[in-house]
Amino acid sequence: MKADPVRVGILISGRGSNMASLVKASEAPDSPYRVVRVLSNVEDAGGLAIAAVAGIPTWAKSHKGMPRAEFDALLDAELRAADVELIALAGYMRLLSPEFIAGWQGRILNIHPSLLPLYKGLDTHARAIAAGDAEAGCSVHVVTPELDDGPVVAQARVPVLPGDTPDTLAERVLGQEHALYARALADYARSLR
Ligand code: GRF
């Protein structure tokens with residue numbers, strides 16, 4: 001018998017292009033996952049409207065003025081109420097508390113715009129250009145308490161071209177992110193069944 005699709009919750013903070021790509025891929029009849037909630041710590045994140053148009057329930061609340069653990073407990077409650085089994089961070093620009101991560105061990109994926117372990121944190125494209133790297137790329141990894149540090153499950157590479165700026169390189173990498181994340185999330189979802 002075919003297993004039910006894994007119930008995925010996606011966390012965003014911004015425009016949500018990776019989220020949109022994950023949602024689109026999940027609409028294929030044989031997708032091993034289904035996006036059941038999109039949550040944001042930014043109330044006017046652009047991605048929320050995209051999710052709503054796709055018919056996915058959204059939840060958004062600003063984290064400002066709240067202790068991290070308290071905000072993450074709200075996120076946790078929303079995800080559990082929706083019977084989420086797997087979380088995908090997609091441009092979620094906020095560290096998750098150790099308590100939250102402990103409650104979802106091996107159940108949170110993130111996409112990071114560098115060839116990890118290179119360039120954890122911000123400004124990855126500028127750092128790759130400044131280092132004179134011939135290649136850049138993106139990585140999907142399992143989230144652990146250390147920033148951008150958990151086991152890498154998939155990577156894609158692009159060349160760094162002469163004259164690249166952080167913006168032109170980011171755009172080239174982003175094209176790869178969309179395809180890579182959809183594939184990696186599907187593979188990971190399959191591994192949970
Ligand atoms: C992506 O480059 C992602 O790798 C990084 O933040 C950006 C989010 O873009 N973590 P989007 O919101 O998915 O369009």
Side-chain angles (χ1 to χ4, degrees), residues 8-27 33 35 37-54 56 58-63 68 72 75 86-96 100-101 104 108-130 133 135-161 164-188:
V8 168
I10 303 182
L11 270 51
I12 64 169
S13 299
R15 68 189 162 184
S17 72
N18 276 288
M19 178 273 298
S21 159
L22 296 179
V23 167
K24 186 159 189 292
S26 76
E27 287 163 356
Y33 71 90
V35 181
R37 281 288 184 288
V38 171
L39 297 87
S40 179
N41 65 317
V42 176
E43 283 168 354
D44 60 354
L48 291 167
I50 300 174
V53 167
I56 299 167
T58 61
W59 177 92
K61 184 174 169 58
S62 172
H63 62 271
R68 190 180 304 276
D72 287 0
L75 276 182
L86 178 60
I87 299 170
L89 307 184
Y92 186 67
M93 302 305 286
R94 197 170 150 75
L95 276 177
L96 289 163
F100 181 94
I101 294 172
W104 291 92
I108 313 174
L109 294 181
N110 180 41
I111 185 140
H112 184 71
S114 78
L115 294 171
L116 289 173
L118 290 176
Y119 313 129
K120 296 173 182 178
L122 297 175
D123 300 324
T124 55
H125 306 300
R127 287 153 75 197
I129 291 169
D133 293 351
E135 278 189 325
C138 47
S139 309
V140 176
H141 68 96
V142 179
V143 172
T144 56
E146 293 297 314
L147 177 69
D148 299 328
D149 193 58
V152 171
V153 297
Q155 280 186 324
R157 292 167 184 273
V158 300
V160 179
L161 300 177
D164 259 341
T165 65
D167 285 349
T168 59
L169 182 55
E171 198 182 326
R172 191 172 312 119
V173 171
L174 189 67
Q176 293 298 312
E177 289 183 38
H178 296 161
L180 181 76
Y181 207 2
R183 205 165 58 234
L185 183 62
D187 287 347
Y188 202 82

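The chain is numbered in sequence order, starting from 1. Just follow the structure's listing: the first ligand is 1, and inside any ligand the first atom is 1. Because only heavy atoms are used, hydrogens play no part in the values below, and waters and symmetry mates are left out as well, while side chains stay in.
- Between the side chains of Y119 and D133, at least one donor-acceptor pair of N or O atoms lies under 3.5 Å.
- With S40 contributing its side chain and I12 its backbone, the two residues share a donor-acceptor pair below 3.5 Å.
- Residues passing the salt bridge (Lys or Arg N to Asp or Glu O under 4.0 Å) test with R157, sequence neighbours excluded: E135.
- Under a cut-off of 6.0 angstrom, the local environment of CD in E27 is crowded, with over 12 non-hydrogen atoms contributed by other residues, nucleotides or ligands.
- Closer than 4.0 angstrom to ligand 1 by heavy atom are R15, G16, S17, N18, G91, I111, P113, E177, sorted by chain and number.
- R172 contributes no side-chain N or O that, together with a main-chain N or O of V160, makes up a donor-acceptor pair within less than 3.5 Å.
- S139 and Q155 are linked by a side-chain donor-acceptor pair at a separation below 3.5 angstrom, with hydrogens and angles left out of the test.
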